[in-house]
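Here the structure comes first, spelled out in structure tokens, and everything after it is commentary.
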Amino acid sequence: MSELIKIAPLADKEDKLEEILEYLEELKHEFAEIVDEYESEDADEETMDVLTDALDALEDAFDGILDIVNQ
């Protein structure tokens, strides 16, 4: 996941949101793998709480945008 996020400037707002959803989905999966790695290495509770909160925020953002796209 080393490529930059590029969204076509002339795309309409719904197309832009759908592209963002795709990027968020990929980011969620990559981030979940990182969280799993930290967990398997017995990271301290504070680190796990921060990582879990960040993953939850990504999921909330994804769900919120998905609700808008599906209206």
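Bear in mind that the values here come from a model prediction, so they are computed numbers and not experimental data.
Residues meeting the salt bridge (Lys or Arg N to Asp or Glu O under 4.0 Å) test with Glu25, sequence neighbours left out: Lys28. The side-chain contact (heavy atoms from CB on, under 4.5 Å) check on Ile65 picks up Leu17, Ile20, Leu21, Leu24, Val69, with sequence neighbours excluded.
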Which side-chain N or O atoms in residues 45-59 pair as donor and acceptor under 3.5 Å with protein atoms at least two apart or in another chain?
residue: Thr47; atom: OG1; partner: Asp44; partner atom: OD1; Å: 3.2
residue: Thr47; atom: OG1; partner: Asp44; partner atom: OD2; Å: 2.9
residue: Thr52; atom: OG1; partner: Met48; partner atom: O; Å: 2.7

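The NE2 atom of His29 sits 13.5 Å away from the CD1 atom of Ile34 when rounded to the nearest 0.5 Å. From Asp36, atom CG reaches atom CZ of Phe31 across 11.0 Å, with rounding to the nearest 0.5 Å.
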